Amino acid sequence: MSLVNTSRSYGGVSKSFHWLTALLIFTVIPLGLVANSLAEAIVNPDIPTTDAQVARATLLFSMHKTIGVTIFFLALARIVWTLTQPHPGLLNADNKPEAFAAETVHWLLYGSLVLVPLSGWIHHAATTGFAPIWWPFGQTLPFVPKSEGVAAFFGGLHWILQWVLIGALVLHIVGAVKHHIIDHDQTLRRMLPGANTAPEPPEQHRSALPPLAALIAWGAAIAGGAMIGAFGHGAQDYGEDHPTDRAELAAVQSDWQVETGTLGISVTQLGSVVDGSFADWTAAISFDAPDAPGKAGDVEVVVSIPSLTLGSVTGQALGADFFDATQFPTASFTAEIHKTETGYEARGPLTIRDQSVDVILPFELELEGDQAKMAGTLLLNRLDFGVGQSLPDESSLAFGVEVAVSLIAKRGGDG
């Protein structure tokens, strides 16, 4: 068997590309479906989560992503090889409708083998945390920012295009079986290992219509996906479906009005740090800078738990076993502000999930007239608040949770 193609048959290299791609495709699709099913069970508030479930979902997602990246590079190599080789003509080229359909499906297959894994890879690179790719290039891509918007768009695109790939694959298989069983020609046999005796194909009728039809099919699929809201969530990753509708916290009366600020959170899952933040929180602050160490004021912070975004694990974090945002929609910190010998501290109970723990938040403060800038970091143990009790060790999720707050406030006005 020759390694190169002829006008009548495929060579050994093309056959190897074809069957290796088929093997990987028939592996990666079930992996993704099963992993998504496990992820849905993990974020289901009615189903307890265990370390074993998280580890299993992580393994399957990492396998799915790694094989997907492998398919991407294999598809590129296959396309380069195809461009250097004669293309065996269609044995049914005289049947123009069937030839048109076959060419269109081939365009859909080749394009999807590049677009599906690439969109999934971009989605992964734009998302923080969970299920690493086992690949030497790392978890990021050039020019791809860590962005929920980018992740949601390419996650949705990946989900849509995978169904185009599956549809084209089904049509390709049906066509091959039809050639073999009904037409009794050599179309399937000439892609099987070994030599074949395929006849010389009839005169081919090349046209720009099949690639145009493939573009229309992709466009129609993307438009249809947009209509059903596919771009509203990042498909094909763990914990992406989480509540986005939430009531905003009411403004509070405060001696100091917060002009800008961030309330960040960092957790360590499976050895990787996942950063997130709460978008909606209020702070009522009374404060007078003392000349000596002692009490300097009070602060009351209320946080909207459903406003949390935590990379690809947002859904899990908001679920019943963690923050339980439905049952406990707010957290609060009521503290006294004290000046110390070295800086400032906020001391008081932090309440999460109706569990109150006395904490001390050290922070730095810069005062310039009626403007104050503060920044502080607090390390918590999630088990102290009953968060993630079904994960009683740190094999999946570390106990330590870092909370970082920074703000700029102005004296006077409503907060």
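Predicted model only: the values in this text are computed from it and were never measured.
- Phe363 meets the ring pair (Phe, Tyr, Trp, His ring centres under 6.0 Å) test with Tyr344; sequence neighbours excluded.
- A heavy-atom distance below 4.5 Å is found between the side chains of Trp134 and Met63.
- Leu391 is listed as a side-chain neighbour of Phe322, based on a closest heavy-atom distance under 4.5 Å.
- Within the model, atoms CG of Leu90 and NE2 of His179 stand 7.5 Å from one another, a figure rounded to the nearest 0.5 Å.
- For the residue pair Arg190 and Gly89, the shortest heavy atom distance occurs at NH2-O, 2.6 Å.
- Without hydrogens or angle criteria, Ser254 side chain to Ile285 main chain gives a donor-acceptor distance under 3.5 Å.
- We find that Glu103 and Arg206 are joined by a salt bridge, their nearest charged nitrogen and carboxylate oxygen being less than 4.0 Å apart.
- Within the 4.5 Å cutoff, side-chain heavy atoms of Val114 are placed close to those of Ile79.
- For CH2 of Trp107, the number of neighbouring non-hydrogen atoms (other residues, nucleotides, ligands) closer than 6.0 Å is 12 at most.
- In this structure, Arg347 contributes its side chain and Leu361 its backbone to no donor-acceptor pair below 3.5 Å.
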Exercise. Walk me through it: do Leu113 and Ile71 pass the test side chain to side chain contact (heavy atoms under 4.5 Å, CB included)?
Key: CA-CA 7 Å; Leu113 288 175; Ile71 291 172; 4.2 Å; yes
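- Residues meeting the ring pair (Phe, Tyr, Trp, His ring centres under 6.0 Å) test with His172, sequence neighbours left out: His106.
- Within 6.0 Å of atom CD in Glu259, more than 12 heavy atoms from other residues, nucleotides or ligands are found, so the atom counts as buried in its surroundings.
- Ion pair Lys373/Glu368 not flagged as a salt bridge, since none of the NZ, NE, NH1 or NH2 atoms sits closer than 4.0 Å to an Asp/Glu carboxylate oxygen.
- Residues Thr6 and Pro86 are not in side-chain contact: their nearest non-hydrogen atoms beyond the backbone lie 4.5 Å or more apart.
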